[in-house]
Amino acid sequence: MGETIFSKIIRKEIPADIVFENDKVLAFKDINPQAPVHVLIIPKIAIPSVRELNGKEHGELLGKLIDAANSIAKDMKISTGGFRLVFNCGADAGQEVYHLHMHLLGGRKLNWPPG
Ligand code: 5GP
């Protein structure tokens, strides 16, 4: 399983604007934000994409990613207005970094369907 830039962010080898951290999860602001709030929420273990997930093995970890999203959304005052959580999986979805990450987007009206 190859390393990505997110492994270096987890190890604090390169800087990131970290907004949340616990033993299993790290969250930091996206370097190229697509909304006033755009945070990437990642597991500290290197799972490439949603394709490698299953509920039996990763259910608890996924719950921790959702808990982090709710906590950050409250902290950033977008919980009431609403927000979007996105996993891009694979080439057709435009996944660029093969370390599982959930995008938390909010702070403006988000269009649907996405492009
Ligand atoms: P994907 O297209 O794989 O779902 O999203 C990857 C996201 O990671 C993109 O939104 C991109 O802007 C963000 N990103 C890529 N490299 C870095 C980085 O070094 N630091 C931060 N904070 N975000 C990054």
Side-chain angles (χ1 to χ4, degrees):
M1 204 179 291
E3 274 224 341
T4 72
I5 192 133
F6 290 178
S7 294
K8 293 191 169 69
I9 289 175
I10 291 165
R11 294 198 299 265
K12 315 274 167 70
E13 289 170 9
I14 63 165
D17 194 343
I18 292 170
V19 297
F20 178 99
E21 182 167 19
N22 64 26
D23 57 331
K24 302 282 186 212
V25 175
L26 185 71
F28 49 92
K29 292 184 182 174
D30 196 293
I31 205 165
N32 182 23
Q34 302 302 311
V37 174
H38 188 173
V39 170
L40 302 173
I41 303 169
I42 72 172
K44 288 188 172 176
I45 57 164
I47 299 166
S49 78
V50 169
R51 279 191 289 244
E52 286 75 33
L53 291 178
N54 65 77
K56 194 173 173 199
E57 204 180 333
H58 302 109
E60 191 179 339
L61 181 61
L62 286 167
K64 288 180 188 290
L65 297 179
I66 296 292
D67 286 348
N70 272 318
S71 171
I72 297 160
K74 277 195 188 126
D75 287 350
M76 298 198 166
K77 315 275 188 239
I78 59 168
S79 186
T80 306
F83 55 87
R84 185 171 293 163
L85 299 176
V86 175
F87 286 99
N88 292 321
C89 179
D92 279 358
Q95 184 175 1
E96 290 172 0
V97 180
Y98 280 80
H99 181 121
L100 185 74
H101 53 279
M102 185 167 68
H103 296 256
L104 166 63
L105 295 147
R108 66 167 170 81
K109 186 94 174 85
L110 299 166
N111 298 323
W112 192 263

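Read the numbers this way: they start at 1 and go in the same order the structure lists the ligands and their atoms. Because the structure is a prediction, the values reported are computed rather than measured.
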Should you measure from each heavy atom of [X], which atoms of ligand 1 turn up under 4.0 Å away?
X	value
N32	12 (O)
F28	21 (C), 22 (N)
I9	20 (N)

Name the closest protein heavy atom to [atom], giving the residue it belongs to and the distance to 0.1 Å.
atom	value
atom 11 (C) of ligand 1	D30 OD1, 3.4 Å
atom 3 (O) of ligand 1	E96 N, 2.6 Å
atom 23 (N) of ligand 1	I31 N, 3.3 Å

Name the option, out of T4, L40, I5, that contains the heavy atom nearest to atom 16 (N) of ligand 1.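 The nearest heavy atom belongs to I5.
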Using heavy-atom distances, let me know which of H99, H101, K8, H38 sits nearest atom 1 (P) of ligand 1.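 Nearest heavy atom to atom 1 (P) of ligand 1 lies in H101.
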So does [X] have more than 12 non-hydrogen atoms from other groups sitting under 6.0 Å from [atom1]?
X	atom1	result
K24	NZ	no
E60	CD	no
N54	CG	yes

So, the side chain of [X] versus the backbone of [Y]: is there a donor-acceptor pair under 3.5 Å, distance only?
X	Y	result
E52	S49	yes
Q95	G90	yes
R108	Q34	yes
K44	E21	no

Could you tell me whether [X] and ligand 1 have an N or O pair separated by under 3.5 Å?
X	result
V97	yes
G94	yes
K29	yes
N88	yes

D17 and ligand 1 - part of the residue with a heavy-atom distance under 4.0 Å: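 Neither; no heavy atom under 4.0 Å.
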Run the contact test for [X] against ligand 1 with a 4.0 Å cut-off on heavy atoms, strictly below, and give the result.
X	value
V86	no
H103	yes
A16	no
F6	yes

L105 vs V37, test: side-chain contact (heavy atoms from CB on, under 4.5 Å). Steps then yes/no. CA-CA 5 Å; L105 295 147; V37 174; over 6 Å; no
Answer yes if the ring centres of H103 and H101 are under 6.0 angstrom apart, and no otherwise.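 Distance test on ring centres: under 6.0 Å, yes.
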Pairs meeting criterion salt bridge (charged side-chain N to carboxylate O under 4.0 Å, His left out) with involvement of residues 27-43, two or more places apart: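 Every salt bridge (charged side-chain N to carboxylate O under 4.0 Å, His left out) pair that includes a residue of residues 27-43, provided the two are not neighbours, is D17-K29.
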Just do the ring-ring contact (aromatic ring centres under 6.0 Å, His included) check on F20 and F28 with the steps written out, would you? CA-CA 7 Å; F20 178 99; F28 49 92; over 10 Å; no
